[in-house]
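Quick caveat, the model's predicted, so the values are computed rather than measured.
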Amino acid sequence: MKICHRFARIRAGHERDIQGLLNHAERHPDQVSGKVSARRAAGAKHAMARALSRHFERCRECG
């Protein structure tokens with residue numbers, strides 16, 4: 001699958017955010033903030049999937 005530079009940039013940004021949330025959740029597993037970060041990371045994964053699929057549908061280079 002050939003992807004454009006914009007697809008890669010969108011994916012990299014989302015993955016960076018997700019990794020930050022997961023790192024915080026690992027550092028604070030028993031605290032409320034850690035649990036919230038873990039939930040937000042799961043939501044961010046879904047948001048990334050939606051954003052990438054929306055991009056893929058509309059992009060002439062990716063499709």
Novice: Output the distance between atom CG (D17) and atom CD (Q19), rounded to the nearest 0.5 Å.
Specialist: 11.0 Å

Novice: Identify the heavy atoms of H24 and S37 that sit nearest to each other, and give their distance.
Specialist: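 Reported closest heavy-atom pair: ND1-OG, 2.9 Å.
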
Novice: Less than 4.5 Å apart, any side-chain heavy atom of L52 and any of H14?
Specialist: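 No, side chains not in contact.
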
Novice: H55 vs F7 aromatic rings, parallel, tilted or perpendicular, using cut-offs 30° and 60°?
Specialist: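 Correct class here is tilted.
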
Novice: State the CZ-SG distance between R6 and C59, to the nearest 0.5 angstrom.
Specialist: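 With rounding to 0.5 Å, CZ (R6) is 8.0 Å from SG (C59).
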
Novice: How long is the gap from SG on C62 to NE2 on H5, to the nearest 0.5 Å?
Specialist: 9.5 Å

Novice: So among R40, R39, E26, K45, which one has a side-chain contact (heavy atoms from CB on, under 4.5 Å) with L21?
Specialist: R40

